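Hydrogens, waters and symmetry mates play no part in the numbers below; they use all other heavy atoms, side chains included. Residue numbers start from 1 in every chain, and the chains themselves are labelled A, B, ... in the order their sequence lines are given, proteins ahead of strands. Predicted, not measured: the structure shown is a model, and the values here were computed from it.
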Amino acid sequence: EMFPYPSGRIHMGHVRNYAIGDVIARYKMMRGCNVLHPMGWDAFGLPAENAAIDKGVHPQIWTQDNILYMRNQLRRMGLSYDWDREVATCEPDYYRWNQWFFLKMYERSLAYRKRSTVNWCPSCETVLANEQVEDGRCWRCDALVTLKDLEQWFFKITDYAEELLASLDGLTGWPERVRAMQRHWIGKSEGVEVDFPLAEPLDGFGDIRIFTTRQDTIFGATFMSLAPESPLVEPLIAGRPQAAAVRDLVARVSRQDRAIRTAADREKEGAFTGAYAINPFTKARIPIWVANFVLYEYGTGAIMAVPAHDQRDFEFAHKYDIPVRLVIQNPTATLSEPHMDAAYEAQEGGSRLVNSDQFSGLSIDEAKDRIASYVETQGFGRRTVNFRLRDWGISRQRYWGTPIPMLYCQGCGTVPVPETDLPVVLPKDVPFTGKGSSPLSQAEAWLTAPCPRCKKPARRETDTMDTFVDSSWYFLRYCSPKSDKQAIEPSAAAYWMPVDQYIGGIEHAVLHLLYARFFTKVIRDLGLTTADEPFLNLLTQGMVTKETYRCATHGWLLPGDLTGSEKDGWRCGHCQTSVERGRVEKMSKSKKNVVDPEHLIATYGADTARLFSLFAAPPDKDLEWSDTGVEGCSRFLNRVWRLILDLQPRLGLGAGLEPKAAEVLRQVASPVLELRRLTHRTIKKVTDDIEREFQFNTAIAALMECVNG
RNA sequence: GCGAGAGUGGCGGAAUUGGCAGACGCGCGAGACUUAGGAUCUCGUGGGCAACCGUGGGGGUUCAAAUCCCCCCUCUCGCACCA
């Protein structure tokens, strides 16, 4: 199971996750498999640091206390973990290997530093990776993400883009939608780069390079668009009357936060630079625009615009009165430019090229191939593959994480900390003010260290690593958790890896699950494991949900704040206005629909808590919490208990029927025979249900039938 | 818009390869036991008085369809100006 963040206490999502994992582990053990069922703690992260700022508790103390408490809770749940292999990522014994991997990746140019525009969460006061921005907001705190220019460390996950994509096809034990999400995130497109010469060449600047997957439409390119961030913009507009309008657009766009910039329905906007390029196929002079929808990070940051066959360009051309030139004809309904009310975005089919010189008459696929070859032989372009995936920015301007093992020396520049000096231990005594730069940059005593090359004082890197680095290889560490010689002992990893069954929430579909795949491949290439993929089978369990209640004046209400009943309607306990039963939503503190497992276990016991988590819904679906449903499970367990107490003495169960079972059975009364048949039918059913898609709910139903019978 | 998935009683959900639709649980109804019951146990519970009708809607294949095929509708989740 995915290891938890030690937030303080376990929640129902954990209970469900670990109940599922526990059944599978026990089942496999009982079937004779050698099962590794470990548990650990994803122990670095921001909440610990916030606790330090708010309550004055050191992150380390806060984290350790939480681990202690939650470990006890898990033990009380009766889960079958091998606690001898426990790992906590905040321990130097663990994170020194993060640093070691970092150094190895640095050696291989898989870790590098560059200045770039990064996602900045103003509330967490740190940088976020692209994967950690959801809908323009921070994945953790929901604050609107802004952009910032910073020097940052990156992992070169793009080096593995091709393999990460290709080997998804082999992950047949993963849910299709997770694979689809990763496929889309990696986003491979095959196309060509084409150089469009400037009509009036500029000193120091060559042609404008564009990327397209629709080179077949190139005769229809009637203008070009540049991303507002493009370095070409300023030289192109310098000294022209259009300069002011362009600068205004660029300034406005760059001020917008990510949520607004990436909104799909955002109005298309542009400004003409005053400059022209030459379409290398039609030789026409085409205007160069700056457009708000062109992404600087993708492709070359510049596009050829084909209004007749691209809806965005079509809208843009109409708004700014730019000519439309049809180059692909619809075989079933003849098109002509003045009568088009949308772009004709034809794919391969009966469509044929028109107005395209020697390429006219070709099908789309033929034209793509012929035009790509033409561009290559003429030397003004080449076939290219583009990925949506960006490199993984791992620098975080926070304290509670793995220090990045790098030094900045006046004389020698950027110098890695030697392997023998690892770990670079987090200094304990730092100020937690919540203001200004990261606590580490204020830790004066720690900040300076001798340069490994020239021995003069150098300054330590004060950024720490993204916590997703910690969780990218912990499953490998479980194989040899105590090793102080190596991050992973290859022989242990060879025995256990890959993980046969991994279980966790779907929210990590393109975060943890992509990073872990990347790390596994890097670690394989370092020779520590032979596994190509970390997780053979993936079970993404659904959320635990519950209904909510909201009063117009008093906000979200706890069940205890309600008066009335389901039948007569609920009222707010504060003001007596009637309250609708709200949506069924994921349990969350803010919605006040959380059920605390602690309370559940105290009332009904751990068995009931686990049983209900497994019975109420199949594991991959959302589980709606129901207090009466829990009671049903409790009743069932009590019934089993009473039944066994009652039957045991009467039937002598367990007294060794086995040696001559068949013979004995022939002689005993038929109810006993019936019972034995029922027992074996149930064993078969439960076995089948677990083997087939982990249908715990029906397996439990079979056990209930058995008891009823 | 693209991708993945779902639609079955009052509710959560079963139905494994096309073979008795609604297992199991909740809820509800009746009864037993009990000073009492919000404990426990027993029985009943898709709709309709009935003939019959019933798996989002409409067509089809088949001896037989929740399941397979075609068209449509609705919902959930993910991605979303990626050139």
Engineer: Where along residues 292-314 of chain A does a heavy atom fall under 4.0 Å from RNA chain B?
Structural biologist: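 When residues 292-314 of chain A is checked for heavy atoms under 4.0 Å from RNA chain B, the hits, listed by number, are A:F293, A:V294, A:L295, A:Y298, A:I303, A:R312.
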Engineer: Any Lys/Arg nitrogen of A:K188 or A:E162 sitting under 4.0 Å from an Asp/Glu carboxylate oxygen of the other?
Structural biologist: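 Yes, A:K188 and A:E162 are salt-bridged.
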Engineer: Can a cation-pi geometry be assigned to A:K268 and A:F316, taking NZ or CZ under 6.0 Å from the six-membered ring centre and within 45° of the ring axis?
Structural biologist: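 Relative to the ring axis of A:F316, which defines the angle, A:K268 lies outside at least one limit.
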Engineer: Please list each protein N or O that sits under 3.5 Å from an N or O in nucleotides 12-15 of chain B, with the distance.
Structural biologist:
residue	atom	partner	partner atom	Å
B:G12	O2'	A:A616	O	2.8
B:G13	O3'	A:N697	ND2	3.4
B:A14	OP1	A:N697	ND2	3.3

Engineer: Give me the distance, rounded to whole Å, that separates B:C73 from B:C81 when you measure between the C1' atoms they each carry.
Structural biologist: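 Their C1' atoms lie roughly 29 Å apart.
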Engineer: Taking the same atom, C1', in B:U62 and in B:G18, what whole-Å distance lies between them?
Structural biologist: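 Per the computed distance, 9 Å lies between those C1' atoms.
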Engineer: Which whole-number value in Å describes the distance from A:L514 CG to B:G78 C1'?
Structural biologist: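 It works out to 15 Å between those atoms.
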Engineer: Taking A:R517 first and then A:E533, would you say they form a salt bridge - that is, a charged N and a carboxylate O separated by under 4.0 Å?
Structural biologist: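 A:E533 and A:R517: salt-bridged.
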Engineer: Identify whether NZ of Lys or CZ of Arg in A:R312 sits under 6.0 Å from the centre of the six-membered ring of A:F293 and within 45° of that ring's axis.
Structural biologist: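 No, A:R312 and A:F293 do not form such a contact.
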Engineer: Where do A:Y160 and A:S167 land on the side chain to side chain donor-acceptor pair (under 3.5 Å) test, with the steps shown first?
Structural biologist: CA-CA 11 Å; A:Y160 286 83; A:S167 51; over 6 Å; no
Engineer: Counting Watson-Crick and G-U wobble pairs only, both distances under 3.5 Å, name the nucleotide matched with B:A4, or none.
Structural biologist: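 Across all strands, the one nucleotide that pairs with B:A4 is B:U76.
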Engineer: Is the closest basic N to carboxylate O distance between A:R177 and A:D620 below 4.0 Å?
Structural biologist: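 Not counted as a salt bridge, because no side-chain N and carboxylate O are separated by less than 4.0 Å.
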Engineer: Carefully, step by step, assess A:T545 and A:D622 under the rule side chain to side chain donor-acceptor pair (under 3.5 Å).
Structural biologist: CA-CA 7 Å; A:T545 63; A:D622 286 353; 5.6 Å; no
Engineer: Is a salt bridge present between A:E705 and A:K685, judged by a nitrogen-to-oxygen distance below 4.0 Å?
Structural biologist: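 Answer for the salt bridge query: no.
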Engineer: Do the ring planes of A:F359 and A:Y374 sit parallel (below 30°), tilted (30 to 60°) or perpendicular (above 60°)?
Structural biologist: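 If you compare the ring of A:F359 with that of A:Y374, the planes turn out perpendicular.
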Engineer: Taking atom P of B:C81 as reference, at what distance in whole Å does atom CG of A:L226 sit?
Structural biologist: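 After rounding, the gap between these two atoms is 19 Å.
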Engineer: In whole angstrom, what separates A:R179's CZ from B:C77's P?
Structural biologist: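 Between P of B:C77 and CZ of A:R179: 23 Å.
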Engineer: Given the P atoms of B:C75 and B:A21, what is the spacing between them in whole Å?
Structural biologist: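 Rounded to whole Å, the distance is 32 Å.
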Engineer: Apply side chain to side chain donor-acceptor pair (under 3.5 Å) to residues A:S373 and A:R383 and explain how you reach the verdict.
Structural biologist: CA-CA 8 Å; A:S373 299; A:R383 287 180 167 85; 3.2 Å; yes
Engineer: Kindly point out which of B:C81, B:G27, B:C24 is positioned nearest to the side chain of A:K268?
Structural biologist: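 Among B:C81, B:G27, B:C24, the one nearest the side chain of A:K268 is B:C81.
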Engineer: Could you identify which residues of residues 631-640 of chain A place a heavy atom less than 4.0 Å from some atom of RNA chain B, listed by residue number, or say none?
Structural biologist: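 Output list: A:G632, A:R635, A:R639.
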Engineer: Taking the nucleotide of RNA chain B with the closest heavy atom to each, which residue, A:E134 or A:T212, is nearer the 5' end?
Structural biologist: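 Nearer the 5' end of the strand: A:E134.
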Engineer: Say you pick atom C1' in B:C79 and the same atom in B:C71; how far apart are they, in whole Å?
Structural biologist: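 Straight-line distance between the two C1' atoms is 28 Å.
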Engineer: Would you mind reading off the distance between A:N386 atom CG and B:A83 atom P, rounded to a whole angstrom?
Structural biologist: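 Checked: the CG to P distance equals 8 Å.
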Engineer: What is the pairing partner of B:A51, taking Watson-Crick or G-U wobble pairs with both distances under 3.5 Å in any strand?
Structural biologist: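 Result: none.
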Engineer: Considering only NZ, NE, NH1 and NH2 on the basic side and carboxylate oxygens on the acidic side, decide whether A:E376 and A:R382 come within less than 4.0 Å.
Structural biologist: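 No, this pair does not count.
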Engineer: Indicate, with a heavy-atom threshold strictly under 4.0 Å, whether A:S626 touches base, sugar-phosphate, or nothing.
Structural biologist: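 Answer is nothing: A:S626 stays at 4.0 Å or more from every strand.
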Engineer: For B:G7, is chi within 90° of 0 (syn) or not (anti)?
Structural biologist: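 Anti for B:G7; the angle lies over 90° from 0.
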Engineer: Less than 4.0 angstrom from a charged side-chain N to a carboxylate O is my criterion; do A:D159 and A:K156 meet it?
Structural biologist: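 So A:D159 pairs with A:K156 through a salt bridge.
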Engineer: Measure from CZ on A:F211 to P on B:C81 and round the result to the nearest Å.
Structural biologist: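 Atom CZ in A:F211 sits about 16 Å away from atom P in B:C81.
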Engineer: Using the C1' atom as the reference point in each nucleotide, state the distance between B:U8 and B:A65 in Å, no decimals.
Structural biologist: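 Per the computed distance, 14 Å lies between those C1' atoms.
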Engineer: Rounded off to whole Å, could you give me the CD1-to-P distance for the A:I700 and B:C26 pair?
Structural biologist: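 Between P of B:C26 and CD1 of A:I700: 13 Å.
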Engineer: What's the closest nucleotide to the A:R177 side chain, out of B:A23, B:G25, B:A4?
Structural biologist: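 For the A:R177 side chain, the nearest candidate turns out to be B:A4.
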Engineer: Between A:R137 and A:E134, does any NZ, NE, NH1 or NH2 come within less than 4.0 Å of an OD or OE carboxylate oxygen?
Structural biologist: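 Looking at A:E134 and A:R137, the cut-off is not met.
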Engineer: Taking only the C1' atom of each, what is the distance from B:C28 to B:G9 in whole angstrom?
Structural biologist: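 After rounding to an integer number of Å, I get 12 Å for this pair.
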Engineer: Using 30° and 60° as the class boundaries, would you call the ring planes of A:F612 and A:W625 parallel, tilted or perpendicular?
Structural biologist: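 Rings of A:F612 and A:W625: perpendicular, as their planes differ by over 60°.
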Engineer: Rounding to an integer number of Å, can you tell me how far A:I288 CD1 sits from B:A83 P?
Structural biologist: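 The distance from CD1 of A:I288 to P of B:A83 comes to 22 Å, rounded to the nearest Å.
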Engineer: Could you identify the nucleotide paired to B:U16, looking across every strand shown and requiring Watson-Crick or G-U wobble geometry with both distances under 3.5 Å?
Structural biologist: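 Matched B:U16 with nothing under the 3.5 Å cut-off.
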Engineer: May I ask you to verify if any side-chain N or O of A:S225 is less than 4.0 angstrom from the OP1 or OP2 atom of B:A83?
Structural biologist: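 False: A:S225 side-chain N/O out of range (4.0 Å or more) of B:A83 OP1/OP2.
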Engineer: What is the pairing partner of B:U40, taking Watson-Crick or G-U wobble pairs with both distances under 3.5 Å in any strand?
Structural biologist: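 Check on B:U40: paired to B:A32, both distances under 3.5 Å.
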Engineer: Whole-Å distance between B:A80 P and A:R183 CZ?
Structural biologist: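 In whole Å, B:A80 P and A:R183 CZ are 17 Å from each other.
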Engineer: Once you apply the 3.5 Å cut-off to both distances, tell me the Watson-Crick or G-U wobble partner of B:A65, or none.
Structural biologist: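 Across all strands, not a single nucleotide pairs with B:A65.
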Engineer: Taking the nucleotide of RNA chain B with the closest heavy atom to each, which residue, A:A180 or A:S189, is nearer the 5' end?
Structural biologist: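 Of the two residues, A:A180 wins.
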Engineer: Rounding to the closest angstrom, what is the interatomic distance between B:G78 and B:G13 at atom C1'?
Structural biologist: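 One C1' to the other, the span is 25 Å.
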Engineer: Using Watson-Crick or G-U wobble geometry with both distances below 3.5 Å, tell me the partner of B:C11, or none.
Structural biologist: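 Looking at the geometry, B:C11 pairs with B:G25.
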Engineer: Sticking with atom C1', work out how far B:C52 lies from B:C70, rounded to a whole angstrom.
Structural biologist: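 It works out to 30 Å between them.
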Engineer: If you only use heavy atoms from C-beta on, which nucleotide in B:U40, B:A4, B:C24 is closest to the side chain of A:R642?
Structural biologist: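 Looking only at side-chain atoms, A:R642 lies closest to B:U40.
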